[in-house]
Amino acid sequence: MDFYNLTIHEVKDLLDKKEISAVDLTNKQLDRIERVEDNVKAFVTITKEEALKRAKEIDAKLAKDEKIGALAGIPMALKDNMCTDGIKTTCSSKILHNFVPPYNATVTEKLIKEDTILLGKLNMDEFAMGSSTENSGFFPTKNPWDLNCVPGGSSGGSAAAVAAGEAFFTLGSDTGGSIRQPAAFCGVVGLKPTYGAVSRFGLIAFASSLDQIGPFTKDVTDCALVMNAISGYDRKDSTSANVEYPDYTKYLENDVKGMKIGIPKEYFGEGIDKDVEAKIKEAISKLEELGAVVEECSLPHTEYALSTYYIIAPAECSSNLSRYDGVRYGLRHDANNLVEMFSETRKEGFGDEVKRRIMLGTYALSSGYYDAYYLKALKVRSLIKSDFDKAFEKYDCLLTPTTPSVSFEFGAKKDPLSMYKQDICTIPVNLAGVPALSMPFGLADNKPVGLQLIGKAFGEGTLLKVAYTLEQNTDQTLIRPNVQEVK
Amino acid sequence: MREKEGENMKIDIKDVEHVALLSRLNLTEDEKQEQSEQLNKILDAMEVLNKVDTSGVEPLAHVLPIKNVLRADKVGETLPKEKALQNAPEEEDGMFRVPKIV
């Protein structure tokens with residue numbers, strides 16, 4: 001049996017029945033990583049010893065029939081922008097190449113409490129800025145479906161690791177699409193929760209009003225299981241939403257009869273690849289067949305979302321990244337005075353895209369330009385959010401392609417603007433703070449196509465229900481790549 | 001810097017140098033040229049926002065209706081000093097040592 005292709009719920013069953021131990025499972029995963037990692041390059045750090053040590057502890061708990069977590073014994077990995085106490089956390093940046101956090105992110109703590117096993121930290125675009133993981137300060141990650149193609153970004157390592165069977169689930173972060181787009185490119189399920197649903201404490205910040213942590217899984221059931229583990233109010237995050245959080249697994253129902261699904265016309269037609277659109281239309285037909293009421297709708301300010309985002313996100317990042325100055329942690333370039341030290345450290349430590357966005361953000365916020373750029377963008381953001389609010393008065397959820405095309409070859413999007421356009425379907429969602437899920441729906445050009453479901457604030461349940469129903473009624477969603485083994 | 005409102009703005013090398021200074025980023029001459037070109041392209045693309053009528057619209061900095069999240073002024077869990085210093089590039093007497101300011 002290829003253990004690495006199993007889902008969390010399948011492997012949990014084997015663990016519960018004691019047909020496999022946590023140590024065995026961890027060893028099998030580490031073996032899988034060894035066999036494919038030189039081709040995939042998803043990991044920045046692999047924590048082999050710590051993982052096996054943890055697995056032994058969990059087996060001991062299981063043997064004594066002690067109370068264990070819901071995801072006990074499940075090997076997973078985290079994007080390298082989530083703090084792990086004592087384990088290097090780099091954001092795939094030279095400026096944090098040696099940073100060892102002195103505390104755990106809240107999501108890390110939660111997953112420890114659930115008795116999961118951390119396999120390591122995953123590669124990303126530097127400081128989460130990018131859509132291909134080519135901006136990693138260390139090395140690019142490859143798409144398990146085609147090693148000449150990108151896994152997407154910025155959570156490329158997180159998506160690739162699940163697709164290649166290197167981890168049963170991973171966590172990524174999404175600021176403009178950085179979970180959903182790589183999920184689409186790698187043929188896995190990725191969810192960006194409602195802003196505030198998952199604590200950002202210990203998530204190294206890129207754009208504070210947009211960042212959200214979310215799961216990458218092989219199927220929708222697994223997604224619900226991980227969401228149960230990571231969501232919830234956190235006092236340590238002042239932007240955490242103090243609401244009731246459900247058991248997300250209760251939404252895993254095979255039934256969309258009477259549900260109203262909106263198809264925003266701005267996400268189709270020009271700018272979207274014909275083959276991608278064809279697959280999405282197939283999914284729409286399927287949902288109609290299953291009893292959903294599907295209707296075209298409009299989100300009229302969609303065309304302004306990209307520009308709005310590329311002012312707000314860089315503005316916020318220019319502020320968040322000002323802490324990287326060589327004083328307290330990370331890279332330090334020695335100099336004769338403090339300002340020189342800051343400027344030389346940042347020159348050496350940041351990659352081109354990071355510098356570009358810091359510059360853009362600083363410019364947009366600077367005296368004389370603040371009103372014209374930043375304030376204007378915030379006002380357009382209001383309009384974009386109300387487009388969604390109006391749509392959700394009528395529809396249970398919206399359905400769009402996740403990306404305008406399938407994965408592309410390395411180096412294909414050298415022009416920054418062409419890379420930014422990869423996120424046209426995902427960005428509006430972050431601006432509005434609503435949840436969205438990407439699930440695989442077949443292939444085009446032998447590469448996965450992603451389908452995006454967008455819900456109203458705290459409406460993850462609806463997304464899970466529609467996604468689960470689609471998954472149960474088609475063979476288009478449980479696709480797996482054939483990854484070349486190195487050994 | 002010039003005061004502008006919605007007109008076609010162009011970033012020249014001087015602007016790039018000013019912004020680089022504000023961001024504490026030393027750039028090479030090549031980088032300054034490249035940044036100038038790319039920033040101009042990106043800002044041109046952002047001009048489309050001027051087409052949107054935002055009169056009477058409130059800016060949305062934050063999506064959740066949360067304000068002033070406070071807690072009681074009571075001492076709680078704190079990061080021990082040694083942990084806070086563990087990544088220090090240079091440390092002396094429990095402090096982060098840096099070059100002189102001026």
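In what follows, chains carry the letters A, B, and so on, assigned in the order in which the sequence lines appear, proteins first and then strands, with residues in each chain numbered from 1.
- The most heavy-atom pairs under 4.5 Å with chain B, out of A:A457, A:G433, A:S382, A:A335, come from A:S382.
- Listed by chain and number, the residues in a salt bridge (charged side-chain N to carboxylate O under 4.0 Å, His left out) with B:R97 are B:E90, B:E92 (sequence neighbours excluded).
- Not a single donor-acceptor pair under 3.5 Å links the side chain of A:E344 to the backbone N or O of B:N26.
- Between chain A and the options B:V48, B:I66, B:V98, B:L49, the largest number of non-hydrogen pairs under 4.5 Å is found for B:L49.
- Proximity to chain A involves both the backbone and the side chain of B:L25, based on heavy atoms less than 4.5 angstrom apart.
- With a 6.0 Å radius and a threshold of 12 heavy atoms from other residues, nucleotides or ligands, A:K94 has its NZ atom at or below the threshold.
- When heavy atoms are compared at a cutoff of 4.5 Å, A:L417 approaches chain B solely by way of its side chain, counted from C-beta outward.
- Within the 4.5 Å cutoff, the side chain of A:K385 has heavy atoms near those of the A:D389 side chain.
- For A:K355, the NZ atom counts as densely surrounded, since its 6.0 Å shell holds more than 12 non-hydrogen atoms of other residues, nucleotides or ligands.
- Contacts with chain B were tallied for A:L210, A:L375, A:T239, A:D334; A:T239 has the most, counting heavy-atom pairs under 4.5 Å.
- With a 4.5 Å cut-off on non-hydrogen atoms, A:N98 touches chain B through its backbone but not through its side chain.
- Checking side-chain atoms of A:T308 against main-chain N and O of A:R381 turns up no donor-acceptor pair under 3.5 Å.
- For a residue to count as touching a neighbouring chain, one of its non-hydrogen atoms must lie under 4.5 Å from one of that chain's; by this rule A:M359 touches chain B with backbone and side chain alike.
- A:I312 does not touch chain B: none of its heavy atoms, backbone or side chain, sits under 4.5 Å away.
- Residues B:Q33 and B:E37 have side chains that bring a donor and an acceptor to within less than 3.5 angstrom of each other.
- For A:S318, no part lies near chain B; criterion is any non-hydrogen pair under 4.5 Å.
- A donor-acceptor pair is defined here as one N or O able to donate and one able to accept, closer than 3.5 Å; such a pair exists between the side chain of A:N320 and the backbone of A:F206.
- With a 4.5 Å cut-off on non-hydrogen atoms, A:S240 touches chain B through its backbone but not through its side chain.
- Of the two parts of A:A377, the backbone and the side chain both hold a non-hydrogen atom closer than 4.5 Å to a non-hydrogen atom of chain B.
- Heavy atoms of B:E31 lying under 4.5 Å from chain A belong exclusively to its side chain.
- Contact count versus chain B (heavy atoms, under 4.5 Å) is highest, among A:L331, A:V327, A:I384, A:D415, for A:V327.
- Open room surrounds NZ on A:K421; 12 or fewer heavy atoms of other groups in view lie less than 6.0 Å from it.
- Contact annotation for A:Y309: neither backbone nor side-chain heavy atoms come within less than 4.5 Å of a heavy atom of chain B.
- Using a 4.5 Å cut-off on side-chain heavy atoms (C-beta onward), A:L338 and A:M341 make contact.
- Contact count versus chain B (heavy atoms, under 4.5 Å) is highest, among A:L321, A:L306, A:V380, for A:V380.
- Heavy atoms closer than 4.5 Å to chain B are found in the side chain of A:D85, but not in its backbone.
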